[in-house]
Amino acid sequence: MTTALLSTADELHARVRHGRRAVVMTMGALHEGHATLIRAAREIAGPDGEVVVTVFVNPLQFGAGEDLDRYPRTLEADLRLAGRAGADAVFAPSVEEVYPGGEPQVRVTAGPMGGLLEGATRPGHFDGMLTVVAKLLHLTRPDVALYGQKDAQQLALIRRMVRDLNFGVEIVGVPTVREEDGLALSSRNRYLAPEERATALTLSRALFAGRDRHAAQEALRARALEVPSTHARAEALSAIGESRAAADAHAVATAAPGGPAAVRAAARQVLDEAARYDPPLDLDYLALVDPADFTEIADDFTGEAVLAVAARVGPTRLIDNIPLTFGSPGAAL
């Protein structure tokens, strides 16, 4: 399949459309994570639909001192990867095409969620992101747009914008793609020297430590639910090899159902150790948040949550996250 390279909205609008149009928005430097998004878009669009990949390095998303000029531009390689993954067209507009009057005076504002976590570290970033996403949605006119869950706060804000401003488009989140060693795929990974990459792996290790602590607590809670709240509980747990101290699982599970505090502590321990590495991990934040508004969850929280981390290794800033669920149905004791 030949993948068309388009640089203007008029070229894109002139294409005859059959079926659904699915759009994947990128800033280029495509990798397997983007390819996964494109393949998912191809499946959603179907054989009669159209998959469009946008490649645009948005200057509004970069603050003072950030890596706009350093950000990789690899359009020819991007076109090849997009074609192999199933894209019908790559829309790679110039800055003048997207912002014909210069920097826009009217912009989309991210609201309270836009000032948290990534927004606190990078002021104005989410306003710039939502502004260009809104423009690209208008320019590409998709039925569905796909975004990676690695940028969880970005995905949440796009969903909120589409809902609040009545955009007629379906938003689909695609799970994070990881390299074999667990590092979340990112265009910025190419900046990491070997010793920096070794330190960067602690981001995913911290998330997995929090996830494993949560899984252990949930297993403990489930076991406690299965055993009557009597002396038989200790006897039953001891019979399967638990120590007497651990036999009082019911009290632990009742005191901290789901255990957000324990999840944070397990992840924080890994990150604190990485701060002493050479090179060290310079932590921006570790947060366990409600994906509806990205505020920190309380210890009695139930429902979907996101464990998120951001840090610098040398000059490279990386982010990662994993979803967690607290309090399964029928778990109340």
Side-chain angles (χ1 to χ4, degrees), residues 6-15 17 20-28 30 34 37-38 40-41 44-45 49-63 66 68 71 82 87 89-174 187 291-294 319:
L6 313 173
S7 59
T8 69
D10 288 342
E11 291 176 305
L12 183 58
H13 297 165
R15 293 175 65 85
R17 293 180 61 166
R20 304 179 82 195
R21 174 178 284 173
V23 165
V24 174
M25 295 184 186
T26 82
M27 293 207 298
L30 302 189
H34 297 110
L37 285 166
I38 297 167
I44 290 172
E50 183 182 46
V51 174
V52 176
V53 176
T54 69
V55 174
F56 181 66
V57 181
N58 178 32
L60 299 189
Q61 289 176 233
F62 292 80
E66 293 189 333
L68 173 60
Y71 199 88
V90 169
F91 177 49
S94 64
V95 173
E96 291 73 25
E97 177 72 13
V98 177
Y99 302 119
E103 287 198 12
Q105 295 185 36
V106 177
R107 307 187 186 196
V108 178
T109 300
M113 196 195 313
L116 304 174
L117 301 186
E118 286 296 291
T121 302
R122 306 173 67 189
H125 166 74
F126 284 127
D127 292 354
M129 179 276 294
L130 288 178
T131 298
V132 78
V133 167
K135 289 183 71 76
L136 288 173
L137 287 174
H138 289 312
L139 290 171
T140 59
R141 302 173 184 175
D143 299 288
V144 58
L146 296 89
Y147 302 89
Q149 291 178 355
K150 184 178 80 70
D151 298 296
Q153 192 173 4
Q154 170 180 284
L155 175 60
L157 281 163
I158 292 171
R159 282 178 165 150
R160 187 72 192 224
M161 177 183 73
V162 166
R163 182 171 70 251
D164 287 355
L165 301 184
N166 300 103
F167 280 68
V169 60
E170 177 186 358
I171 303 299
V172 173
V174 177
S187 301
D293 57 14
F294 269 68
I319 64 173

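Throughout, residue positions are numbered sequentially from 1 according to the sequence presented.
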[X] and [Y]: which non-hydrogen atoms are nearest, and at how many Å?
X: S187; Y: G28; value: OG-O, 3.7 Å
X: G114; Y: A110; value: CA-CB, 3.6 Å
X: L130; Y: M161; value: O-SD, 3.7 Å

Flag side-chain contact, heavy atom, 4.5 Å: [X] against [Y]:
X: V172; Y: E170; result: yes
X: Q61; Y: V132; result: yes
X: L117; Y: T121; result: no
X: L139; Y: P93; result: no
X: R20; Y: E50; result: no
X: F56; Y: M25; result: no

[X] (side chain) donor-acceptor with [Y] (main chain) under 3.5 angstrom:
X: D127; Y: T109; result: no
X: T26; Y: T54; result: yes
X: H13; Y: R141; result: no
X: H125; Y: G119; result: no

By salt bridge (Lys or Arg N to Asp or Glu O under 4.0 Å), which residues pair with D10, not counting sequence neighbours?
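Expected list: none.
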Start with the C-alpha distance between D164 and R159, add both sets of side-chain angles, then the distance that settles salt bridge (Lys or Arg N to Asp or Glu O under 4.0 Å), and finish with yes or no.
CA-CA 9 Å; D164 287 355; R159 282 178 165 150; over 6 Å; no
So does R15 pair up with E11, basic N to acidic O under 4.0 Å?
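Looking at R15 and E11, the cut-off is not met.
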Pair up each side-chain donor or acceptor in residues 144-156 with any protein partner under 3.5 Å, not counting sequence neighbours, and list the distances.
unit_1: Q153; atom_1: OE1; unit_2: E118; atom_2: N; d: 3.2
unit_1: Q153; atom_1: NE2; unit_2: M113; atom_2: O; d: 3.0
unit_1: Q153; atom_1: NE2; unit_2: L116; atom_2: O; d: 2.9

Between L157 and M129, does the side chain to side chain contact (heavy atoms under 4.5 Å, CB included) criterion hold? Intermediate values first, please.
CA-CA 9 Å; L157 281 163; M129 179 276 294; 4.2 Å; yes
Of [options], which meets side-chain contact (heavy atoms from CB on, under 4.5 Å) against [X]?
X: K135; options: V108, T140, V98; value: V98
X: E103; options: T131, L60, V95; value: L60
X: V169; options: V162, V23, I158; value: V162

List the residues meeting side chain to side chain donor-acceptor pair (under 3.5 Å) with Y99, not counting sequence neighbours, and say none if there are none.
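Listed in chain order: N58.
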Begin from the C-alpha positions of F167 and L137 and carry the test side chain to side chain contact (heavy atoms under 4.5 Å, CB included) through to its verdict.
CA-CA 9 Å; F167 280 68; L137 287 174; 3.8 Å; yes
